[in-house]
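Heavy atoms only: backbone and side chains are in, while hydrogens, waters and symmetry mates are out. Each residue takes its place number in the sequence, starting with 1.
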Amino acid sequence: MRLPSTISVLWALHQGWLVSADASANYTDYLLSSGTVKLGEWQDAYDKAAAFVQSLNTSEKVSFIGAGDAGNMSALKMLDSSTNPLTYFFVTTWPAGLAMSMTWDKEAIRGQGSALGTEYRGKGINLAYAPTLQPLGRSAWGGRTGETYGPDSYLAGAMAGQFVKGMADSGVVTSAKHFILNEFETNRMGTTSSSGGMGGGMGGGSNSSAPPSKRAEDSSSSDESYSVQIDDKAFHETYLAPFYDVVKSGVGGVMCAMNRINGTYSCESQQALGTYLKVEAGFPGLVHADVGGQKTALGSANGGMDLGSSSTWSESTITAALSNGSLTEARLDDMVIRNVMGYYHLGQDEGYPSYAEPTAHVDNRGNHSAYARSYAADSLVLLKNTNNALPLKDKKSISIFGYHAAPRYVGANTALSVYDGEPPTMQGHMSVVGGSAMGSLAYLSTPFQLFNQRAASDGFMLRWWLTDESTNSSSGMSGSGTELTESTTGVADLSDACVVFLNAWAGEGADRSELRNATQDTLVTTVADVCNNTIVVINTIGPRLVDAWIEHENVTGVIYGGPLGQESGNAIDDVLFGAVNPSGKLVHTIAKNESDYDQGTLVQETNLLLNYTEGNYIDYKYFDQQNITPRYEFGYGLSYTTFEYDSAITVASTSNLTSGYATGDLAIGGREDLWDVVATVEATISNTGSLAGAEVAQLYVAFPEAADEPVRQLRGFEKVTIQPGDQATVVFSLRRRDLSVWDTVAQNWKVESGDYTISVGASSRDLKAEATLSV
């Protein structure tokens, strides 16, 4: 079954690349009043919103879409981020998106969303700018992946979807960002403005109808943002797919990005916002712009934005557009309706708390710190553990190293630096990302604090070297007793364990300049050369390479994690000393060399025309395609106990599993039958060790050749805790969409006939059992 005619016409292909539609094209299908999309449980909200709109005059409607008051309703309050209500006092700073994703725990991220929603609600904030779905992580050098959920679209969509449900549990509307193809910070605001200040004077998309060669020629001295070209298949399967999840889960807002799509600004692309988001994915809520994303009044209004700048959407501008027919009353009404769909859907019209200023003493954190600590600890990945070096037990002398072990010299927060980006490492404990997803820390626990407390309570000797710089002792090892040679090697001497703390930092505004750090790596090797039990702890915002020292015989343990929030030191202590058995898994590939990553995804400093020619082959899918052996693969993670998978799995299909196109009605989250469960898979896992532990069982699918898909793709994951000597049966549900690919001719999702190889294992390359599902 094909999509409505408007969609088929808009999705014309030009020389193999997607072509953006003119924002003046027909937008009838994406008006909620058209009935194109079944609203289901959102219908009541639509009825209330439509009645509200009928009570307004044109002036009030214009006020409301410009973030003003209208009728008896005040402008809705909106704020960043998924870490906490940004800039507010008395809030919990949760682990960042990357860390939460590394838990692979759907219950945990829903719990985080619910608790965070409680804090937003208490402040009277109606809508949170979260979750961050893109940048997805196409490039290992992307600067903003610390706030997102990893480069696999299935995992990102599943985790973000649970976050949205959690926030909704507390009555808070979420707005997913950044729609769409927003994979780089460099030149997101143009070559003349992305590295310093917000910039201005960006064009209104005047080149949107020019052929690709002309746009590339014009880009060399432009202050326009970068423009992305991508094939239709990859656009749907990799970049649009996670937005299906959050729409299905109840997201009420979407933030359109600063970048362009084939020459047209994201916030003016009726093709992207109207056709794909509002019709194909069935999104019922409001679209609003990232800073500077709205370019022109009519381009953004007809393109699909619903909330914008009052200076751009002035009463005179909108009234004139209505008078000359360049904007219809139906579209204006639709904009207002979409602004309040989430408000009514979550019952914010009944007893919602009043707005509180950021410094007001409104404190509803409750026991959230305990949850933040638990989620942070469960996100940490054990990469290496030689001779059971971890957990640390019965040590009489421990030394710790690195800036990352202790607080910054000023804090607890960093400056809210956005447009200038961040340095590659933080000189102090890195627990949050930079930019608009940073934390509003009320306090910060650090490893130094916890080690000091443990030395006092456990009775071991503690030394520290709180810098990344390395020096060797000129006179060899230290003297007798407590005398200390003040060098890296002197501090390491006579230690039962040496723990080196490293970080990689970045955030909104700039991409990464390195995937390893020479100063930090030298610190590790300097310590390991004299300490035969060297443990490395890394917190990072993206892939951080370890090959400078990973094979050093004295590097016995490695713990790897994302930004952990306010409980960072406590969580690291819990894992290092065994109060928590690590259960996190990698959500990105750690390569052996920078050159192992796709060099086509390097940051482009001057080129404003970016071709995503790799298509669906990002992260582990690229490594599989190129047969490159990573240092640590996607999904990898060890435990203090051991697990064994049965060699056989059970696969059973339902009567719903047939080849062919999706035929269900367009509804919230896409065609209804895409969400039908069409097969189930069962696997049995045993805990063969001596400790209770949690294992993340992962399901991968290899598609028939006709589908033209990567070697294997994640299509299920379940985290299960198992006691020593016990076993657990894990059940995966495969939906029609999990086995569907995008047919670029039919413009629809299709299940190809043939054999599907179903594999279950501990990582993308540690597959324990497989079976065949025939369609």
Side-chain angles (χ1 to χ4, degrees), residues 95 99-111 149-150 152 154-155 158-159 162 374-385 388 390-391 557-562 571 574-576 578-590 620 632-651 680-701 712-734 758-771:
M100 289 304 302
S101 190
M102 291 168 73
T103 68
W104 293 67
D105 189 331
K106 287 172 274 192
E107 291 184 5
I109 197 166
R110 183 163 184 167
Y149 299 98
D152 182 81
Y154 178 92
L155 177 63
M159 296 299 279
Q162 291 300 316
S374 175
Y375 299 154
D378 287 345
S379 74
L380 289 169
V381 182
L382 181 62
L383 293 182
K384 183 178 182 180
N385 195 18
N388 296 318
L390 292 171
V558 180
I559 292 174
Y560 185 96
D574 286 342
V575 171
L576 281 175
V580 172
N581 189 348
S583 60
K585 299 272 189 172
L586 291 177
V587 299
H588 51 237
T589 299
I590 300 178
Y620 71 93
Y632 295 109
E633 71 271 17
F634 175 86
Y636 178 88
L638 301 175
S639 170
Y640 293 155
T641 190
T642 53
F643 299 100
E644 183 177 299
Y645 287 68
D646 276 11
S647 59
I649 57 176
T650 302
V651 180
T680 57
V681 179
E682 291 189 4
T684 301
I685 308 170
S686 301
N687 184 340
T688 56
S690 59
L691 297 173
E695 170 68 345
V696 179
Q698 301 159 46
L699 184 150
Y700 293 86
V701 174
R712 67 184 61 89
Q713 299 182 76
L714 182 72
R715 285 296 183 266
F717 61 94
E718 297 293 335
K719 191 167 191 174
V720 58
T721 299
I722 311 174
Q723 296 299 316
D726 286 353
Q727 64 180 29
T729 298
V730 178
V731 180
F732 304 92
S733 295
L734 287 169
I758 310 298
S759 302
V760 174
S763 75
S764 63
R765 294 202 172 187
D766 186 11
L767 305 175
K768 307 293 189 178
E770 70 175 41

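Ala571 and Ala377 make their closest contact through CB-N, 3.5 Å (heavy atoms, listed as atom of the first residue, atom of the second, distance). Here the shortest heavy-atom pairing between Glu107 and Asp105 reads N-OD1, 3.0 Å. Counting all heavy atoms, side chain and backbone alike, Ile685 lies closest to Ala697 at CD1-CB, 3.6 Å. What you find for Gly561 and Leu380 is that their closest heavy atoms are CA-CD2, 3.8 Å. Closest non-hydrogen pair, Gly557 versus Leu390, comes out as CA-CD1, 4.4 Å.
Side chain to side chain, Tyr636 and Asp766 fail the donor-acceptor criterion of an N or O pair below 3.5 Å. With 3.5 Å as the limit, one finds a donor-acceptor pair spanning the side chains of Glu633 and Ser763.
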**Request:** Determine, stepwise, if the pair Arg715 / Phe732 fulfils side chain to side chain contact (heavy atoms under 4.5 Å, CB included).
**Result:** CA-CA 9 Å; Arg715 285 296 183 266; Phe732 304 92; over 6 Å; no
**Message:** side chain to side chain contact (heavy atoms under 4.5 Å, CB included), that's the test. Do Asp726 and Asn687 meet it? Break it down for me.
**Reply:** CA-CA 6 Å; Asp726 286 353; Asn687 184 340; 5.7 Å; no
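For the pair Ser583 and Lys719, the minimum side-chain heavy-atom distance is below 4.5 Å. In this structure, Tyr620 and Gln713 have side chains that are in contact, with non-hydrogen atoms separated by less than 4.5 Å. Looking only at side-chain heavy atoms (C-beta outward), Thr641 and Pro724 stay at 4.5 Å or farther from each other. Taking the side chain as every heavy atom from C-beta outward, Leu734 and Leu699 approach each other to under 4.5 Å.
The side-chain contact (heavy atoms from CB on, under 4.5 Å) with Ile559 is formed by just one residue from the set Leu383, Val381, Leu638, Leu576; it is Leu576. Each of Val651, Val760, Thr729, Val730 was compared with Glu682 under the side-chain contact (heavy atoms from CB on, under 4.5 Å) criterion, and only Thr729 meets it.
Under the 3.5 Å distance criterion, the side-chain polar atoms of Gln698 are matched with a main-chain donor or acceptor of Ala762. Between the side chain of Ser764 and the backbone N or O of Gly635 there is no donor-acceptor pair closer than 3.5 Å.
Using a 4.0 Å cut-off between a side-chain N of Lys or Arg and a carboxylate O of Asp or Glu, Lys585 and Glu695 qualify as a salt bridge.
Residues that satisfy the ring pair (Phe, Tyr, Trp, His ring centres under 6.0 Å) test with Phe717, not counting sequence neighbours, are Trp104.
Expressed to the nearest 0.5 Å, how far CZ of Phe634 lies from CD1 of Ile590 amounts to 12.5 Å. In this structure, the separation between NE2 on His588 and CG on Leu586 is 6.0 Å, given to the nearest 0.5 Å. Between the CG atom of Asn385 and the OG atom of Ser639 there is a distance of 9.5 Å, given to the nearest 0.5 Å. One finds the CG atom of Asp378 at 9.5 Å from the CG atom of Asn581 (value rounded to the nearest 0.5 Å). With values rounded to the nearest 0.5 angstrom, Met102 atom CE is found 11.0 Å from Leu155 atom CG. A distance of 4.0 Å separates CD1 of Ile109 from CE of Met159, quoted to the nearest 0.5 Å.
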